[in-house]
Amino acid sequence: MGAMTPPAASPDAAEINRRFYEAVWAGTYLIQPDRFNTWPLVCGLNAAGLRRLEIGPGLRPRLPIAGTYFVEISRSALARLVQHGGVVAQATAAALPFPDAAFNLVMAMDIIEHVDDEPVFRELTRVLRPGGALVLSSPLHPESWTRFDEVVGHLRRYQPQQLLAQLARHGLTLEQSAIYGMQPRSRTLSRLGAWWLTRRREQAMRWYNRVFMPLGLLFEKRLRLVPGMINAARVDEVLLVCRRNHA
């Protein structure tokens, strides 16, 4: 069989994402940020007094919850983040309800592949102060597209140079990058996961939350950040640390 291709973007993409992730977060639990391999990076970027924003974290936030601003489409996730001291807004990444240059640190993990990315990159840059840090992640290589991408609401995978060009167009400079993500490399496992999410979502999410997520955290590898862009030839997903350019 030939490689699957990403679907064309549609006006229903935001609603598809909202329904999927509302169901995901309604039946699961909050994982504290210090459980993830991004925590050492966050601690290094998060100096005292900085204003922080995280977009679309669900119940898997990477920034310290108390005092951080969160934007989410899921009411269930927002309600839990508020209980732990988060400052929340139900909104989309394409229309952030904040003034220009409001934040020193912004995180957008697994976001840009789900949406029309041009307005999102504009908004990410707009709310970030000059010299501020943006941390984001995205899957790579369109030829690696699987049914799993479609089921979880991806609209694209990026070619590495395409992603770098997006950053440059929006006044962002890449400082560091690393291999990232927990998606299985096996296409067979991806297809199996997609089948369960499509046909047996409740059971699939129960297994994911009770078994696969804890195991993934237990065996999650330390982020190995390198200057600039990693050699992404065989990398499924990448984490990028960027800075907004000064005018």
Side-chain angles (χ1 to χ4, degrees), residues 9 13-14 17-18 20-21 24-25 33 36-39 41-42 45-46 50-65 68-74 77-78 81 86-98 100-129 131-140 149 152-158 160 162-183 223 225 229 237-245:
N17 282 323
R18 188 197 66 77
F20 181 87
Y21 285 101
V24 167
W25 303 130
F36 293 97
N37 66 353
T38 48
W39 187 244
L41 170 64
V42 166
L45 294 172
N46 183 35
L50 296 187
R51 285 171 58 89
R52 309 181 300 264
L53 169 66
E54 187 165 359
I55 299 167
L59 295 177
R60 309 291 186 257
R62 268 49 174 196
L63 293 179
I65 301 175
T68 294
Y69 289 76
F70 293 99
V71 165
E72 248 293 342
I73 56 177
S74 165
L78 292 175
L81 292 168
V87 183
V88 305
Q90 187 177 30
T92 70
L96 298 175
F98 306 109
D100 295 354
F103 299 99
N104 309 91
L105 174 59
V106 175
M107 293 196 79
M109 308 299 287
D110 300 311
I111 297 298
I112 56 174
E113 67 271 23
H114 289 269
V115 294
D116 180 3
D117 58 352
E118 281 291 334
V120 170
F121 271 106
R122 285 197 297 270
E123 283 292 270
L124 292 174
T125 305
R126 181 185 66 79
V127 302
L128 188 61
R129 293 177 181 173
L134 168 65
V135 182
L136 57 87
S137 66
S138 177
L140 298 177
D149 290 283
V152 299
H154 292 174
L155 295 181
R156 71 186 65 80
R157 284 172 169 266
Y158 289 89
Q162 176 191 11
L163 192 50
L164 291 174
Q166 277 281 38
L167 298 177
R169 257 198 317 275
H170 291 89
L172 297 163
T173 296
L174 176 63
E175 287 192 342
Q176 300 178 87
S177 63
I179 297 172
Y180 183 71
M182 293 184 181
Q183 183 175 333
L223 280 180
L225 290 156
M229 188 64 159
E237 186 170 2
V238 67
L239 177 144
L240 305 176
V241 182
C242 312
R243 293 278 175 183
R244 181 183 171 184
N245 300 336

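Bear in mind the structure is a predicted one, so any value in this text is a computation, not a measurement. Positions are given from 1 along the sequence.
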message: Tell me whether the count of non-hydrogen atoms from other residues, nucleotides or ligands lying under 6.0 Å of OH in Y69 goes above 12.
response: no

- prompt: Measuring from L124:CG to I55:CD1, what's the distance to the nearest 0.5 Å?
  reply: 4.5 Å

- request: Determine whether L240 and L167 make a side-chain contact, defined as any pair of heavy atoms from C-beta on separated by less than 4.5 Å.
  value: yes

- prompt: Can you find a side-chain donor-acceptor pair between Y180 and N37 that sits under 3.5 Å?
  reply: no

message: Between the side chains of E113 and R156, is the shortest nitrogen-to-carboxylate-oxygen separation below 4.0 Å, so that they form an ion pair?
response: no

field: N-O pairing of R157 and E237 below 4.0 Å
entry: no

task: Give me the ring orientation class for F121 and H170: parallel if the planes are under 30° apart, tilted from 30 to 60°, perpendicular past 60°.
output: parallel

Minimum heavy-atom distance between [X] and [Y], given as atom pair plus value:
X	Y	result
R244	T125	NH1-O, 3.3 Å
P61	L59	CD-C, 3.2 Å
A91	V71	O-CG1, 3.4 Å
L140	P160	CD1-CG, 4.3 Å
E123	L96	OE1-N, 2.8 Å

- prompt: Donor-acceptor pair, N104 side chain versus R51 backbone, under 3.5 Å?
  reply: yes

